[in-house]
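Structure, as structure tokens:
Order of listing sets the numbers, starting from 1, for every ligand and every atom in it.
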Amino acid sequence: MREGRVLKALGGYFFVHDFESKEVYRCKIRGKLKNNGFDVITGDLVKFDLLEDGSGVVEERLERKNSLFRPVIANIDQVIITFAILEPDLDLKLLDRLLVLAEIADLEVVICINKVELSSLEMAKKQLFSYQKIGYKVIYTSVKEEIGLDDLEEVLKDNVSVFAGPSGVGKSSLLNSIQSDLELKVGEVSQRIKRGRHTTRHVELLSLDNGGWVADTPGFSSLDLSFINAEELQYFFPELMDYLGQCKFSTCSHSHEPHCAVKEAVTKEGIAEERYQNYLKFLEEIENKKRSW
Ligand SMILES: Nc1nc2c(ncn2[C@@H]2O[C@H](COP(=O)(O)OP(=O)(O)O)[C@@H](O)[C@H]2O)c(=O)[nH]1
Ligand SMILES: [Mg+2]
Ligand SMILES: [Zn+2]
């Protein structure tokens, strides 16, 4: 049987990229599988057979490495969290929120800071220093002045990547500049967003010549963190890890309690003040939501 990757699901059909022939076949799912709760989504690895008319039948789905609910996609290697240094302004609170969501989903993260020519590389690096310090990979790009595009291409090579980040930061432009035949629309709010939250999102994996696969979607559309338990939030800030268990109270939330190792680390600049402030804001958000139930 053939094996391949599902690039998109549309109207009951699955477009499967065959690992050997590199062709894409339009497939249906074997009828008897559909009735057993068998589901296939973009990114799934499947086994399929070809029929005489050139279409395919999916017979089996391989085990998923991971999957996201919004966008609906499986077997992702990494998320490229993309922001602009200016236009729109760099929103570090939104960056921290996306980082928490990526940590929850246990995804590898690359932070991509685009439009650096509007500021300077030096300024951009300064602003993101605390993120590099805690272990996140950060790349700096400018589509306009062709800065850092090789770094991005290297990151995407042979990986399955999902782009996340606000609209207007240059996600589509970046992809086009790496591979012009993608012809992604630039400077437009995605049709999917305009249609509203409740319509189905079609997520498509695009093929890069360097062996990478990318999904150019708004990514992580659910930005509400209140589904997390307040006690869990600390585990999704990697820089807190070294201090957990050192507070006076074992149930310390690192907000108001005395003798808190996290707060001491913030004072001694072992933890970035801005990140800690966002931790407190998210914590409050989670607790407020709980109270209103
Ligand atoms: N100054 C500047 N503008 C950029 C750069 N990259 C993209 N843009 C512009 O930013 C706007 C939004 O780009 P787009 O790729 O559609 O962003 P997306 O919504 O994240 O996909 C467009 O007008 C682009 O021309 C860059 O590096 N520098
Ligand atoms: Mg776009
Ligand atoms: Zn504490």
May I ask which of Pro88, Gly168, Ser177 has a heavy atom nearer to atom 12 (C) of ligand 1 than the others do?
-> Gly168
Under the side chain to side chain contact (heavy atoms under 4.5 Å, CB included) rule, what do Phe237 and Val100 come out as? Steps first, then yes or no, please.
-> CA-CA 7 Å; Phe237 280 76; Val100 168; 3.6 Å; yes
Just distances here: any N/O of Thr141 and N/O of ligand 1 closer than 3.5 Å?
-> no
Look only at the side chain of Thr42 and the backbone of Val203, and say whether a donor-acceptor pair between them is shorter than 3.5 Å.
-> yes
Electrostatic pair Lys47:Glu59 at N-O distance under 4.0 angstrom = no
From the candidates Lys115, Lys171, Glu146, the one that places a heavy atom nearest atom 26 (C) of ligand 1 | Lys115
Quick look: Glu117 vs ligand 1, heavy-atom contacts under 4.0 Å, and the answer is side chain
Is any N or O atom of Gly170, backbone or side chain, closer than 3.5 Å to an N or O atom of ligand 1?
-> yes
For ligand 1, which part of Asn176 has a heavy atom less than 4.0 Å away: the side chain, the backbone, both, or neither?
-> neither
Taking the six-membered ring of Phe163 (Phe, Tyr or Trp), confirm whether the NZ or CZ of Lys171 is under 6.0 Å from its centre and within 45° of its axis.
-> no
Heavy-atom pair with the smallest gap, counting every atom of Leu225 and Glu285 = N-OE2, 4.3 Å
Is the shortest N/O to N/O distance between Ser167 and ligand 1 below 3.5 Å?
-> no
Using the side chain to side chain donor-acceptor pair (under 3.5 Å) rule, collect all pairs that involve residues 155-166, keeping only residues at least two apart or in two chains.
-> Gln78-Ser161
Under 4.0 Å from any heavy atom of Gly187, which atoms of ligand 1 are there?
-> 14 (P), 16 (O)
Within 6.0 angstrom of Glu232 CD, more than 12 heavy atoms from elsewhere | yes
Do any N/O/S atoms of Ser167 come under 2.8 Å of the Mg ion (ligand 2)?
-> no
For Phe14, the ring-ring contact (aromatic ring centres under 6.0 Å, His included) test, sequence neighbours excluded, returns none
Using modelled atom types only, decide if a donor and an acceptor are shared between the side chain of Lys28 and the backbone of Val58 within a distance under 3.5 Å.
-> no
Backbone or side-chain N or O of Val143 under 3.5 Å from ligand 1 N or O | yes
Solution key, residues 101-113 side-chain donor-acceptor pairs under 3.5 Å, sequence neighbours excluded:
residue, atom, partner, partner atom, Å
Glu103, OE2, Tyr136, OH, 2.5

Glu146 and Ser142: side chain donor to acceptor below 3.5 Å | no
With a cut-off of 2.8 Å, which protein N/O/S atoms are close to the Zn ion (ligand 3), if we only count those under it?
-> Cys247 SG, Cys252 SG, His254 ND1, Cys260 SG
N/O of Lys185 under 3.5 Å from N/O of ligand 1, yes or no?
-> no
